Novice: 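This is the structure I want to talk about, given as structure tokens.
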Amino acid sequence: MYILAFHEKCSMLTLLILTKGEGFIHWLEHHLLACPYKKLTGVDCPGCGLQRSIVALLKGDVLASFKLYPPTLAILALLIFVVLHLKFDFKNGALVIKTMYIFITAVVIINYIYKVYHQQLF
């Protein structure tokens, strides 16, 4: 009986996930959550585009991900840093987290103002 090695199982799983028309990414594209704010008002909220941006990032399209929602990469970097900080307790970790949070907040606000100014809210 042939038993797959761990790396072969990971390769097969990765192939399943990244195949077009099949797998997790395809499922995720068709099951995105609706924004309650946009449903209620008909106007994008400051977070609209995050889910689509993450899907584009999972597909490997960094530019499309940035165009859909610019703070996505910074948010992911913050999440990764927080996990590492919790594990390794960096000396200035709290300061870095606060700084990244302020930066992300500024990018979200600037992105929303840009959408308002260019009338891309609908």
Side-chain angles (χ1 to χ4, degrees):
M1 188 164 132
Y2 182 71
I3 298 174
L4 293 175
F6 178 73
H7 70 279
E8 290 174 312
K9 289 179 184 177
C10 289
S11 297
M12 289 176 62
L13 181 62
T14 303
L15 183 61
L16 176 65
I17 290 172
L18 297 177
T19 54
K20 287 190 175 191
E22 300 291 330
F24 177 70
I25 295 173
H26 178 71
W27 178 86
L28 193 60
E29 283 181 305
H30 294 82
H31 292 87
L32 296 176
L33 299 173
C35 176
Y37 183 81
K38 186 169 185 170
K39 252 186 171 176
L40 185 64
T41 64
V43 178
D44 282 359
C45 74
C48 279
L50 178 63
Q51 292 180 89
R52 290 175 283 138
S53 177
I54 290 173
V55 169
L57 202 56
L58 287 172
K59 288 179 169 182
D61 195 349
V62 178
L63 184 60
S65 174
F66 183 79
K67 286 179 179 179
L68 287 167
Y69 194 67
T72 302
L73 293 173
I75 291 169
L76 292 175
L78 175 64
L79 291 173
I80 291 168
F81 184 80
V82 167
V83 169
L84 292 174
H85 176 61
L86 290 172
K87 175 78 175 158
F88 299 110
D89 195 26
F90 299 125
K91 182 178 179 184
N92 294 323
L95 178 63
V96 172
I97 291 169
K98 289 175 192 173
T99 305
M100 289 175 77
Y101 182 78
I102 291 168
F103 172 75
I104 291 168
T105 303
V107 173
V108 169
I109 292 169
I110 291 168
N111 181 52
Y112 196 69
I113 291 170
Y114 177 83
K115 280 182 168 182
V116 169
Y117 183 73
H118 290 283
Q119 299 164 349
Q120 296 177 348
L121 293 177
F122 304 101

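Bear in mind the structure is a predicted one, so any value in this text is a computation, not a measurement. Here, residue 1 is the first one in the sequence, and each next residue gets the next number.
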Novice: To the nearest 0.5 Å, tell me how far Arg52 CZ sits from Leu32 CG.
Specialist: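 Taking CZ in Arg52 and CG in Leu32, the distance rounds to 8.0 Å.
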Novice: Between Phe90 and Val96, is any pair of side-chain heavy atoms under 4.5 Å apart?
Specialist: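 Result no, sub-4.5 Å side-chain heavy-atom pair not found.
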Novice: Is the OH atom of Tyr112 crowded by more than 12 outside heavy atoms at less than 6.0 Å?
Specialist: yes
Novice: So do the side chains of Val55 and Leu68 get within less than 4.5 Å of each other, counting heavy atoms only?
Specialist: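 No - every pair of side-chain heavy atoms lies 4.5 Å or more apart.
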Novice: Would Leu79 end up clustered with Val108 when hydrophobic side chains under 4.5 Å apart are linked, directly or stepwise?
Specialist: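 Yes, one cluster joins them.
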Novice: Could you check whether the rings of His30 and His26 sit parallel, tilted or perpendicular, using 30° and 60° as the cut-offs?
Specialist: tilted
Novice: To the nearest 0.5 Å, how far apart are CD1 in Ile102 and CD1 in Ile97?
Specialist: 12.0 Å
Novice: Minimum heavy-atom separation for Ala74 and Ile104, please, with both atom names.
Specialist: O-CD1, 3.4 Å
Novice: Please answer: with hydrophobic residues joined when any side-chain heavy atoms are less than 4.5 Å apart, are Ile80 and Tyr69 in the same cluster?
Specialist: yes
Novice: Answer whether the closest heavy-atom distance between the side chains of Tyr37 and Asp44 falls below 4.5 Å.
Specialist: no
Novice: Between CG of Leu63 and CG of Leu57, what distance do you get to the nearest 0.5 Å?
Specialist: 11.5 Å
Novice: Would you say Leu86 and Leu84 are hydrophobically clustered, going by side-chain heavy atoms of ILVMFWY under 4.5 Å?
Specialist: yes
Novice: Tell me the closest heavy-atom pair linking Lys39 and Ala34, and the distance in Å.
Specialist: CE-CB, 4.1 Å
Novice: Establish whether Phe88 and Met100 are linked, either directly or via other cluster members, by ILVMFWY side-chain heavy-atom contacts under 4.5 Å.
Specialist: yes
Novice: Would you say Leu50 and Ile25 are hydrophobically clustered, going by side-chain heavy atoms of ILVMFWY under 4.5 Å?
Specialist: yes
Novice: Hey, what's the ring geometry for His118 with Tyr114, parallel, tilted or perpendicular (30° and 60° as the breaks)?
Specialist: tilted
Novice: In Å and rounded to the nearest 0.5 Å, what is the CG to NE2 distance from Asn92 to His85?
Specialist: 9.5 Å
Novice: Say whether, by atom type as modelled, one donor and one acceptor occur between the side chain of Ser65 and the main chain of Asp61 under 3.5 angstrom.
Specialist: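 Here the side-chain-to-backbone pair does not exist.
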Novice: Would you compute the distance between atom CD1 of Ile75 and atom OG of Ser53 and round it to the nearest 0.5 angstrom?
Specialist: 8.5 Å
